[in-house]
Amino acid sequence: MKYLVLFVVVIVGLMLIKRAQQPRTVRPPQPTPKPQIPEAMLPCAHCGVHSPASRCVWRDGKPFCSDEHARLGS
Ligand SMILES: [Zn+2]
């Protein structure tokens, strides 16, 4: 019975050593992906070309693809 306890202790010790030697599979913390908000594509009121909302030229509440089309109007 005494040897059984010793045997178990040795096995557990070996398992712990083996676990400690294994390469850690912990991945480096990855940057949390930013939620990508799809940008609205708005049609130019003059020519109908779709442009990202942030790049639209606004005039009279209408989106235009460029300053020139904003000047020309719809
Ligand atoms: Zn246009």
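Order of listing sets the numbers, starting from 1, for every ligand and every atom in it. Start at 1 with the first residue, then count along the sequence.
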Members besides L72 in its Ile/Leu/Val/Met/Phe/Trp/Tyr cluster (side-chain heavy atoms under 4.5 Å):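 Direct or chained contacts put L72 with none.
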Option passing side chain to side chain contact (heavy atoms under 4.5 Å, CB included) with V12 (candidates L16, V10, V9, L14):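 That would be L16.
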Pairs involving residues 55-65, ordered by first then second residue, that meet side chain to side chain donor-acceptor pair (under 3.5 Å) (sequence neighbours left out): K62-S74
Closest contact, heavy atoms only, V57 versus S66: CG2-C, 3.8 Å
Straight-line distance of C47 SG to F64 CZ, nearest 0.5 Å: 9.5 Å
Which pairs would a plain distance check flag for residues 37-46, meaning a side-chain donor or acceptor within less than 3.5 Å of a matching protein atom at least two apart in sequence or in another chain?
{"unit_1": "E39", "atom_1": "OE2", "unit_2": "S54", "atom_2": "N", "d": "2.9"}
{"unit_1": "E39", "atom_1": "OE2", "unit_2": "S54", "atom_2": "OG", "d": "2.4"}
{"unit_1": "H46", "atom_1": "ND1", "unit_2": "G73", "atom_2": "O", "d": "2.7"}

The Zn ion (ligand 1): protein N, O or S atoms [distance under 2.8 Å]: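 Per the 2.8 Å query on the Zn ion (ligand 1), atoms found are C44 SG, C47 SG, C65 SG, H69 ND1.
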